[in-house]
Amino acid sequence: MQVGFIGLGVMGRPMALRLASAGTPLVVWNRTPDRAEPLRAAGAEVAASPAEVFARAEVVLLMLADETALDAVLGRDTPHLAARVAGRTVVHMGTTSPEYSRALEADVRAAGGRYVEAPVSGSRVPAEQGQLVAMLAGQETAVEAVRPLLAPVCRETFACGPVPGALLMKLAVNIFLITQVTGLTEAFHFAERQGLDRRLFLDVLDAGPMASAVSRMKAPKLRERDFAVQAAALDVLKNNQLIAEAARGAGLASPLLDVCHTLFEETVARGHGGEDMVAVLRAIEARTAGAP
């Protein structure tokens, strides 16, 4: 079975490379053609258009930045949608609003296709290592057909019921991720500005009960002021907004998330949206300095 993959960005490209390296027959497309060259070298076929991917693949994985990109690739609200998705399984692996995903599932199924939500937890490094965690939602038969295809990319997959259960699960997980990394960054800033040895502080943290896979990934980046992207601050802000909207729609309070939202807005406004999420340190430093 040939598998399509559309969207070769920070997450998509290492995910597609894992699939190609595992021997998955893969046909790929990306809006910026140069990003597909490593996939060609890994044995994947490179399509000239999204339509070609759908024409050649039975299952198409989409790792796209936002709802606009998804609609464009699918030809949504045009006659192209049915031509692309009929008889195929569309797997939405990015992060969008749950409401959007619910409506997209209805459109895909009405056009004769199958639809699976499959957002992942993890950033670029886990993607490169095949250590992502996938949350799947949709019709049970479609979910179970997609699940084994994700084995080269994900160390675990979880069925989360009907759409949009997987995206709601992803948003819930991201509340903890965002607040955890922001708290780690603020603690690091406090220790550094109090004159503590930065390496010693991080060693103490790593030896105690607060250590985690996330802290062990982000602590060296803070120590070295390495803002090379694993999970971009702009993407974190987008996720934060999606969570806040879902919380408000359900009448839920999200006090910690709201504080983080403001800090990531400040980080992006200062021009650091393309840097890793630990660049929230820059917003905290600016507040310490009293900068407007």
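Just so we're clear, the structure is a prediction, and the values are computed from it rather than from any experiment.
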K.L.:
State, without any angle test, whether Tyr100 and Asp66 hold a side-chain donor-acceptor pair at a distance under 3.5 Å.
P.N.:
no
K.L.:
With a 4.5 Å cut-off on side-chain heavy atoms, are Met1 and Pro25 touching?
P.N.:
no
K.L.:
Tell me, please, which residues at least two apart from Arg35 pass salt bridge (charged side-chain N to carboxylate O under 4.0 Å, His left out).
P.N.:
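Arg35 satisfies salt bridge (charged side-chain N to carboxylate O under 4.0 Å, His left out) with no residue once adjacent residues are dropped.
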K.L.:
Which other residues belong to the hydrophobic cluster containing Val133, where Ile, Leu, Val, Met, Phe, Trp and Tyr are joined when side-chain heavy atoms lie under 4.5 Å apart, directly or via other members?
P.N.:
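For the cluster that includes Val133, the remaining residues are Phe158.
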K.L.:
If you take all heavy atoms of Val73 and Arg84, which pair is closest and at what distance?
P.N.:
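Distance-wise, the nearest heavy atoms are O-NH1, 2.6 Å.
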K.L.:
Can you give each donor-acceptor pair under 3.5 Å made by side-chain atoms of residues 4-20, sequence neighbours left out, with the distance rounded to 0.1 Å?
P.N.:
unit_1 : atom_1 : unit_2 : atom_2 : d
Arg18  : NE     : Pro152 : O      : 2.9
Arg18  : NH2    : Pro152 : O      : 3.2

K.L.:
If you look at every heavy atom in Ser123 and Gln230, which pair is closest and at what distance?
P.N.:
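Heavy-atom minimum between the residues: CB-O, 3.5 Å.
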K.L.:
Flag yes if more than 12 heavy atoms outside Glu186 fall under 6.0 Å of its CD atom; otherwise flag no.
P.N.:
no
K.L.:
Is there a side-chain contact between Leu70 and Arg76, using heavy atoms and a 4.5 Å cut-off?
P.N.:
no
K.L.:
Is there any salt bridge (Lys or Arg N to Asp or Glu O under 4.0 Å) pair reaching into residues 248-261, and which pairs are they, with sequence neighbours excluded?
P.N.:
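Sorted result for residues 248-261: Arg248-Asp258.
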K.L.:
If you measure from the Lys or Arg side-chain nitrogens to the Asp or Glu carboxylate oxygens, is any gap between Arg147 and Glu144 under 4.0 Å?
P.N.:
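The answer is yes: the pair qualifies as a salt bridge.
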K.L.:
To check you understand the geometry: which heavy-atom pair defines the closest contact between Gly273 and Ala232, and what is its length?
P.N.:
O-CB, 3.6 Å
K.L.:
Shared ILVMFWY cluster between Val27 and Val90, side chains joined below 4.5 angstrom?
P.N.:
yes
K.L.:
Might you point out which heavy atoms bring Leu222 and Arg198 nearest each other, and give the distance in Å?
P.N.:
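Smallest interatomic distance, heavy atoms only, reads O-NH1, 4.5 Å.
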K.L.:
Would one find more than 12 heavy atoms of other residues, nucleotides or ligands at under 6.0 Å from atom NE2 of His189?
P.N.:
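Yes, NE2 of His189 has more than 12 neighbouring heavy atoms, counting only those of other groups under 6.0 Å.
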K.L.:
Would you call Arg282-Glu266 a salt bridge at under 4.0 Å N-O?
P.N.:
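Judged by the 4.0 Å cut-off on N to carboxylate O distance, Arg282 and Glu266 do not form a salt bridge.
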K.L.:
Would you say Phe54 and Arg88 make side-chain contact, with heavy atoms under 4.5 Å?
P.N.:
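Yes, their side chains come closer than 4.5 Å.
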K.L.:
Mind checking side-chain hydrogen bond (donor to acceptor under 3.5 Å, both in side chains) for Ser101 and listing every partner two or more places apart, or none if nothing turns up?
P.N.:
Tyr115, Glu117
K.L.:
Within the distance-only criterion (no hydrogens, no angle test), does the side chain of Asp276 pair as donor or acceptor with the backbone N or O of Ala231 below 3.5 angstrom?
P.N.:
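Answer holds: yes.
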K.L.:
Sub-3.5 Å donor-acceptor pair from the side chain of Arg114 to the main-chain atoms of Gly87, do we have one?
P.N.:
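Here the side-chain-to-backbone pair exists.
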K.L.:
So if you build clusters from Ile, Leu, Val, Met, Phe, Trp, Tyr with side-chain heavy-atom gaps below 4.5 Å, do Leu202 and Phe227 land together?
P.N.:
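Both belong to a single hydrophobic cluster.
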K.L.:
For Leu257, does its backbone N or O pair with a side-chain atom of Ser254 as donor and acceptor, under 3.5 Å?
P.N.:
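Judged by distance alone, no pair lies under 3.5 Å.
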K.L.:
For a quick test of your reading: what N or O donor-acceptor pairs under 3.5 Å do the side chains of residues 166-184 make, sequence neighbours left out?
P.N.:
unit_1 : atom_1 : unit_2 : atom_2 : d
Lys170 : NZ     : Thr95  : OG1    : 2.8
Lys170 : NZ     : Val120 : O      : 3.0
Asn174 : ND2    : Asn239 : OD1    : 2.9
Thr179 : OG1    : Ile175 : O      : 2.8
Thr179 : OG1    : Phe176 : O      : 3.2
Gln180 : NE2    : Ser212 : OG     : 3.1
Thr182 : OG1    : Ile178 : O      : 2.7

K.L.:
Which residues end up grouped with Leu200 if you chain together Ile, Leu, Val, Met, Phe, Trp and Tyr wherever their side-chain heavy atoms are less than 4.5 Å apart?
P.N.:
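Listed partners: Val204.
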K.L.:
Quick one: do Arg109 and Glu105 make a salt bridge, cutoff under 4.0 Å?
P.N.:
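Salt bridge between Arg109 and Glu105, a charged N being under 4.0 Å from a carboxylate O: yes.
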K.L.:
How would you list, by chain and number, every residue that makes a salt bridge (charged side-chain N to carboxylate O under 4.0 Å, His left out) with Asp206, sequence neighbours excluded?
P.N.:
Arg216
K.L.:
Tell me, please, which residues at least two apart from Glu37 pass salt bridge (charged side-chain N to carboxylate O under 4.0 Å, His left out).
P.N.:
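Arg40.
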K.L.:
Can you list the residues that meet the salt bridge (charged side-chain N to carboxylate O under 4.0 Å, His left out) rule with Asp235, with sequence neighbours excluded?
P.N.:
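Listed in chain order: nothing, the list is empty.
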K.L.:
Do the non-hydrogen side-chain atoms of Thr96 and His92 ever get within less than 4.5 Å of each other?
P.N.:
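Yes, close enough: below the 4.5 Å cut-off.
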K.L.:
Between Asp226 and Pro220, is there a side-chain heavy-atom distance shorter than 4.5 Å?
P.N.:
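The answer is no, as the side chains (C-beta and beyond) never meet within the 4.5 Å cut-off.
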K.L.:
Side chains of Val85 and Leu74: does their closest heavy-atom pair fall under 4.5 Å?
P.N.:
yes
K.L.:
Got a sec, which residues hit side-chain hydrogen bond (donor to acceptor under 3.5 Å, both in side chains) with Thr78, two or more places apart in sequence or on another chain?
P.N.:
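None.
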K.L.:
Charged N to carboxylate O under 4.0 angstrom, Arg225 versus Glu285?
P.N.:
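A salt bridge is present here (some side-chain N lies under 4.0 Å from a carboxylate O).
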K.L.:
Through direct or indirect side-chain contacts below 4.5 angstrom among Ile, Leu, Val, Met, Phe, Trp and Tyr, which residues connect to Val125?
P.N.:
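Met217, listed by chain and number.
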K.L.:
Would you say Arg199 has more than 12 foreign heavy atoms packed within less than 6.0 Å of its CZ?
P.N.:
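Count not over threshold, so no.
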K.L.:
Measure the shortest side-chain to side-chain distance between Val91 and Thr89 over non-hydrogen atoms and say whether it is less than 4.5 angstrom.
P.N.:
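Answer yes - side chains close enough.
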